[in-house]
Amino acid sequence: MQNGPKMSTRQSRPPASFPPRSKRWTSSAARPESKGSQNAQRSYERYLALARAEAQSGNIVGAENYYQHAEHYFRSMSPDKAK
């Protein structure tokens with residue numbers, strides 16, 4: 001093995017120019033609430049069931065993970081979201 005300078009086989013590329021992003025969704029854009037809240041409710045219940053199953057099987061760490069996911073969906077269902 002030689003201890004000389006190592007040559008990189010990768011060649012540098014010029015910076016790529018990316019097309020501008022579409023501003024389809026912005027923070028002020030109205031989003032449909034009815035379907036989203038139903039999905040949040042369904043996800044909340046799903047993660048609660050998963051957390052309970054993990055807790056019953058003795059996996060406390062896995063249960064806590066699922067409880068944290070459930071809490072996220074619980075907060076997203078809250079009618080008074082704090083900004």
Quiz item: Tell me the salt bridge (Lys or Arg N to Asp or Glu O under 4.0 Å) pairs involving residues 62-71, sequence neighbours left out?
Solution: Glu71-Arg75

Quiz item: Taking the side chain from Ser43 and the backbone from Ala40, do they hold a donor-acceptor pair closer than 3.5 Å?
Solution: no

Quiz item: Do His72 side-chain atoms and Gln68 backbone N/O form a donor-acceptor pair below 3.5 Å?
Solution: no

Only distances under 3.5 Å count here; give the side-chain donor-acceptor pairs of residues 45-54 to other protein atoms, sequence neighbours excluded, each with its distance to 0.1 Å.
from: Glu45; atom 1: OE2; to: Gln41; atom 2: NE2; distance (Å): 2.5
from: Glu54; atom 1: OE1; to: Asn59; atom 2: ND2; distance (Å): 2.8

Quiz item: Who pairs with Tyr44 by ring-ring contact (aromatic ring centres under 6.0 Å, His included), at least two apart in sequence or on another chain?
Solution: Phe74

